[in-house]
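Below you'll find the structure, written out as structure tokens, and then a few comments.
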Amino acid sequence: MAFLQEKMLFRGLLIFCMALVVSSLKRPYTPPTVAHLTDYFPPVSIDKGFSNFFGGSNIRLLSNASMASLALDKSSGSGMVSKNRYYYGFFSAAIKLPSGLSPGVVVAFYLSNAETSPHNHDEIDIELLGHDKRNDWVLQTNIYANGSVSTGREEKFYFWFDPTEQHHQYSIIWNSHHIVFLVDNIPVREFPRNSGFSSVYPSKPMSIYATIWDGSEWATHGGKYPVNYKYAPFVVSFADMKLSGCILNPTEQVSSCSKAGVSSSDPVEGAEFVRLSEKQLEAMNWARRKLMFYSYCNDRSRFKVLPPECK
Ligand SMILES: *[C@@H]1O[C@H](CO)[C@@H](O)[C@H](O)[C@H]1NC(C)=O
Ligand SMILES: *[C@@H]1O[C@H](CO)[C@@H](O)[C@H](O)[C@H]1NC(C)=O
């Protein structure tokens, strides 16, 4: 009896210790505190800001169109596109990713002008890549400029939270100074505009897209794990969408710029948007040191000569 109790106590202790180790492995990081840039901009109503792009029957507007759920099932993925095109701005979405196994699933929040400039398009991408058995999502950022599709500029990160539990903010600053990718306002990547190689900088008006689709061929471990429709539908929630930029009017002129309702020549030219603060730089270094596991700038097997912006 005593032996049995001891054994059970030991087993209980072991399980407790293992749970402790697992939970500390799962959430090892506390993010630094930074300015909440997302608070500067009002959310747009999704029915006012966006149209259906594809898979309309898999799109549901919720909570008075402040939120939308987009599904991927065997028949189709789904996507929305901004009604306007923008030249520079601050673009953001609060996203809650599908729970459960999601290999091959891609959720994307991105800027592109592939529809209007098919041969020399620009793109600024936040892609969330579903993962295999351990159920870890990956954040991928990428930039194309002037049709440079043969030179992917990918960087990949793990999260410091479970992105399927609640909404987290994914944002893009794009202005004449730099492109910044932010997650919950923590900058994870800055791509400066450098006059020395301006051709690699997106510089034509773009539309904003929010999509979910089947990336079986490449998304998870280079395509090793395709979408398993046994777990479908995969449903992503978009909320708190911010589209604050200079809007291109139908005569192809950049016309209205508004920051929190105030007109200016560029909504993202204020000091907070022109360069990263010390705190933001610190936070970005933290994110890159702890969570970035791939950068094209370190990929010497892919590039004999690294792209010019890689120092
Ligand atoms: C729904 O959203 C619109 C803005 O698009 C707002 O004017 C209206 O008051 C909202 N209605 C409710 C019931 O919240
Ligand atoms: C874009 O690429 C084309 C060639 O495809 C080139 O002629 C043009 O100068 C480039 N534009 C910029 C801004 O670099």
Side-chain angles (χ1 to χ4, degrees), residues 38-53 56 59-70 80-96 109-125 142-154 167 169 172-179 191-210 237-248 252-254 256 258-263 266-268 296-297 303 305-310:
T38 46
D39 292 350
Y40 286 55
F41 304 99
V44 297
S45 167
I46 292 177
D47 56 348
K48 296 210 175 78
F50 290 87
S51 313
N52 288 354
F53 178 45
I59 300 176
R60 305 247 179 293
L61 295 187
L62 306 162
S63 306
N64 192 25
S66 65
M67 202 183 261
S69 74
L70 274 62
M80 309 185 292
V81 56
S82 62
K83 290 189 173 167
N84 291 308
R85 283 192 286 147
Y86 298 84
Y87 187 58
Y88 296 152
F90 182 89
F91 309 98
S92 188
I95 303 175
K96 180 171 181 261
F109 178 68
Y110 65 102
L111 281 57
S112 173
N113 49 31
E115 306 263 305
T116 50
S117 307
H119 303 297
N120 58 341
H121 91 283
D122 306 295
E123 211 174 295
I124 302 175
D125 300 328
N142 199 2
I143 292 168
Y144 294 117
N146 199 26
S148 65
V149 288
S150 59
T151 309
R153 294 182 153 83
E154 298 92 351
H167 288 85
Q169 270 154 329
I172 293 168
I173 296 171
W174 173 42
N175 61 25
S176 59
H177 303 272
H178 57 187
I179 292 163
F191 190 82
R193 173 179 216 148
N194 182 318
S195 53
F197 29 88
S198 58
S199 65
V200 305
Y201 200 83
S203 52
K204 294 188 291 293
M206 293 196 268
S207 304
I208 288 77
Y209 296 83
S237 171
F238 288 93
D240 204 20
M241 312 283 288
K242 310 209 161 159
L243 303 173
S244 289
C246 300
I247 295 173
L248 200 70
E252 301 286 295
Q253 299 293 309
V254 173
S256 71
S258 66
K259 173 187 169 183
V262 181
S263 280
D266 189 329
V268 287
Y296 71 106
C297 276
F303 298 107
V305 179
L306 289 174
E309 70 278 11
C310 299

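Whatever order the structure lists ligands and atoms in, that order sets their numbers, starting from 1. Computed from heavy atoms alone, side chains included, the values below leave out hydrogens, waters and symmetry copies. Here the structure is a predicted model, which means the values were calculated and not measured.
Within 4.0 Å of atom 10 (C) of ligand 2, at least one protein heavy atom is present. Atom 14 (O) of ligand 2 is approached by the protein to below 4.0 angstrom, counting heavy atoms only.
Rounded to the nearest 0.5 angstrom, Tyr144 OH and Ser112 OG are separated by 10.5 Å.
Here the heavy atom of the protein found nearest to atom 8 (C) of ligand 1 is Asn64 ND2, 3.7 Å. For atom 4 (C) of ligand 1, the closest non-hydrogen atom on the protein side is Lys48 NZ, 3.7 Å. Atom 1 (C) of ligand 2 has its closest protein heavy atom at Asn146 ND2, 1.5 Å.
When each atom of ligand 2 is checked for a heavy atom of Ser199 under 4.0 Å away, the hits are 14 (O). Taking every heavy atom of Ser45 and a limit of under 4.0 angstrom, the matching atoms of ligand 1 come to 5 (O).
The six-membered or imidazole ring of Tyr209 lies near that of Phe53, with a centre-to-centre distance under 6.0 Å.
Side-chain atoms of Ser45 and Asp47 include a donor-acceptor pair closer than 3.5 Å. Side-chain polar atoms of Asp240 and Gln169 form a donor-acceptor pair below 3.5 angstrom.
Side chain of Lys242 to backbone of Phe90: no donor-acceptor contact under 3.5 angstrom is found.
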Kindly indicate, with the supporting measurements, whether the criterion side chain to side chain contact (heavy atoms under 4.5 Å, CB included) is fulfilled by Ile179 and Tyr201. CA-CA 9 Å; Ile179 292 163; Tyr201 200 83; 3.4 Å; yes

